[in-house]
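Ligands are counted one by one from 1 in listed order, and the atoms in each one are counted from 1 as well. Note that the structure is predicted; figures quoted are calculated from it, not measured. The chain is numbered in sequence order, starting from 1.
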Amino acid sequence: MAELSERMRALVQPHLAGIEPYDPNFTPTRINLSANENTYPLPEGVREAIDAALAETPLNRYPDPMSNELRAELAARHGVDPACICVGNGGDELLFNFLLAFGGEGRTLLNCPPCFSEYEFFASLTKTGVRNVWRDRKTFAIDEKRMLDAARDADVVIVTSPNNPTGDVAQPGFIAQLCRVCPGLVMVDEAYIEFADAGTSVQNLLAACPNLVILHTLSKAFGEAGIRCGYVIAAPDIIDVFGAVRQIYSVNVLTQAAALAAVRVRDAFAPVVERIRSERERVAMALEAYDWVDVWPSQGNFLLMHVREASSIREQLRDDYSILVRDFSAAPGLNDCLRITIGTPEENDALLEALAELLDDDA
Ligand code: PMP
């Protein structure tokens, strides 16, 4: 988006005058591997179940504000009480509400970039100060010691696991320590957790860590980014706050119905997730064969690669091959980095073939 007009800069709240909204940098292409969506067709029967649920949903009534049926289904899936869950219009809404409620003027978000840029954006919207503890420049490992030191003065902490865009996971032991030392709330964003190895989620820590908040979404493993449905799991008194600050009807009736139908059959997604995990390893191995390319190990449905002239490679992929990937070259700490979503085997082959041509030209 262009900068605000001079007139608007004078009219908006002063802290919003320089705001740069998140830009997914989307261009329609034949193959879109830029937004970490699940590009596989929905498993058999899922679309039919969603369509049937939508067809039965009255549109003339306001939605149930707390999505109670969906909440109960999610609670059963996670083995928690429904009072421990708040559903939102995508994970994004919950991230915003988290900072709205627990951040704000005079408060500090502890962040460990490079990570999902929305955290800093929502911090700026809510006037929350940001303390960045940068990851290792080469490995992107979290600086656990500095994070633990900084957490003592933080009001909110967000750690992404697996991290977008670097792909690594946070160790549950480290998260437990963070929760112990932080006087405020610690959110672990598990948007991509279904793609990670078993035992990676910090859900087991919830009982011992009353200040832990876990974020989930149906946008990634469950292939429903268009539905806009995310949820947080946390202690009931934290959930009460999420419930209090939210716009009451943000999760509309169609989202609730579609999400409920999808969550009821969510086991059907397991083979798709398995496939994406194995494709991820296949694509990583193929990319590692190039001298010019570095790939970081990833537990998400994406890979971060460092390649000379990344912006030019991304443009050629888009313009000459109609394949869209995400360019992070301009992001601090991610010079010459591209993030590629793992797609279907056909999509991945098309990407690898295109890269083979481009990288051979480059040699
Ligand atoms: N967290 C992370 C780390 C993400 O990458 C995303 C989406 N890109 C989200 C949260 C939000 O997802 P959604 O709003 O689609 O639920």
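Residue-ligand proximity, G91 to ligand 1, at heavy-atom distances under 4.0 Å covers atoms 13 (P), 14 (O), 16 (O). When each atom of ligand 1 is checked for a heavy atom of S219 under 4.0 Å away, the hits are 13 (P), 15 (O), 16 (O). Ligand-side atoms of ligand 1 in range of G90: 14 (O), 16 (O), range being under 4.0 angstrom from any heavy atom. Contact atoms of ligand 1 toward R228: 13 (P), 14 (O), 15 (O) (distance under 4.0 Å to a heavy atom of the residue).
The side chain to side chain contact (heavy atoms under 4.5 Å, CB included) test with I239 is passed by exactly one of I233, D81, V232, V213: V232.
The residues D64 and R71 are annotated as not salt-bridged, no charged nitrogen and carboxylate oxygen being separated by less than 4.0 angstrom.
Atom CZ of residue F222 and atom CG of residue N38 lie 10.0 Å apart, to the nearest 0.5 angstrom.
Within the 4.0 Å heavy-atom cutoff, K220 counts among the residues contacting ligand 1. Heavy atoms of G230 come nearer than 4.0 angstrom to ligand 1 in no pair at all. Look at T160 and you'll find a heavy atom under 4.0 Å from some atom of ligand 1.
Checked against the 6.0 Å centroid criterion, the rings of Y231 and H78 qualify as a close aromatic pair.
Using a 4.0 Å cut-off between heavy atoms, E118 makes no contact with ligand 1 at all. The proximity of D92 to ligand 1, defined as any non-hydrogen pair under 4.0 Å, involves the side chain as well as the backbone.
Geometrically, ligand 1 and L215 share no nitrogen or oxygen pair separated by less than 3.5 Å. The distance criterion of under 3.5 Å between nitrogen or oxygen atoms is not met by Y119 with respect to ligand 1. Backbone and side-chain nitrogen or oxygen atoms of Y192 are examined, and one is located within less than 3.5 angstrom of a nitrogen or oxygen of ligand 1.
Cluster membership for Y321 and V293, using ILVMFWY side-chain heavy atoms within less than 4.5 angstrom, is shared.
Residues satisfying the side chain to side chain contact (heavy atoms under 4.5 Å, CB included) test with D143, not counting sequence neighbours, are V133, K145, R146.
Looking at T160 and Y192, their side chains never bring a donor and an acceptor atom within 3.5 Å of each other.
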